[in-house]
Amino acid sequence: MEESLIIYGKENCPHTRRAREAHPGHIFMDVQSSLTAMQSMLELSGGVRRVPVLAQRTDKGEQLISVGYNKGS
């Protein structure tokens with residue numbers, strides 16, 4: 001399986017927008033329009049309701065990279 005970056009966030013969130021712009025080719029999961037996306041995000045983030053959540057999808061599943069986004073960090 002090819003690795004891919006998943007960004008869980010909200011369509012109108014400025015932090016989500018910056019994360020999406022910084023990572024072309026990502027998979028976007030809108031947590032406001034998809035209960036499944038929200039549940040996956042909460043599982044990855046340990047229940048933290050802060051967006052965006054960045055995760056890496058590998059052959060071993062999804063692994064958390066970061067919660068929140070601030071100028072590329």
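This chain uses plain numbering: 1 for the first residue, then up along the sequence. Only this structure's heavy atoms are used, side chains among them; waters, hydrogens and symmetry mates stay out. Predicted, not measured: the structure shown is a model, and the values here were computed from it.
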Among residues at least two apart in sequence or on other chains, which ones pass side chain to side chain contact (heavy atoms under 4.5 Å, CB included) with P14?
R17, R18

R49 side chain reached by M38 side chain, heavy atoms, under 4.5 Å
yes

Heavy-atom side-chain proximity of M41 to E62 below 4.5 angstrom
no

Determine the minimum heavy-atom distance between A55 and L5, stating which atoms define it.
O-CD1, 3.4 Å

Heavy-atom count around Q56 CD within 6.0 Å, excluding the residue itself: above 12?
yes

Looking at every heavy atom in both Y69 and A22, which two are closest together, and how far apart are they?
OH-CB, 3.0 Å

Taking a hydrophobic cluster as the set of Ile, Leu, Val, Met, Phe, Trp and Tyr residues connected by side-chain heavy atoms closer than 4.5 Å, whether directly or through intermediates, do L54 and V48 fall within one such cluster?
no

So do the side chains of L44 and I6 get within less than 4.5 Å of each other, counting heavy atoms only?
no

Shortest non-hydrogen separation from V51 to T16 and the atoms involved:
CG2-OG1, 3.9 Å

Side chain of S34, backbone of D30: donor and acceptor closer than 3.5 Å?
no

Closest approach of I27 to S4 (non-hydrogen atoms, all atoms of both residues):
CD1-OG, 3.6 Å

For M29 and A37, work out which heavy atoms get closest and say how close.
CB-CB, 3.9 Å

For S40 and Y8, which heavy atoms make the closest approach, and how far apart are they?
CB-OH, 3.5 Å

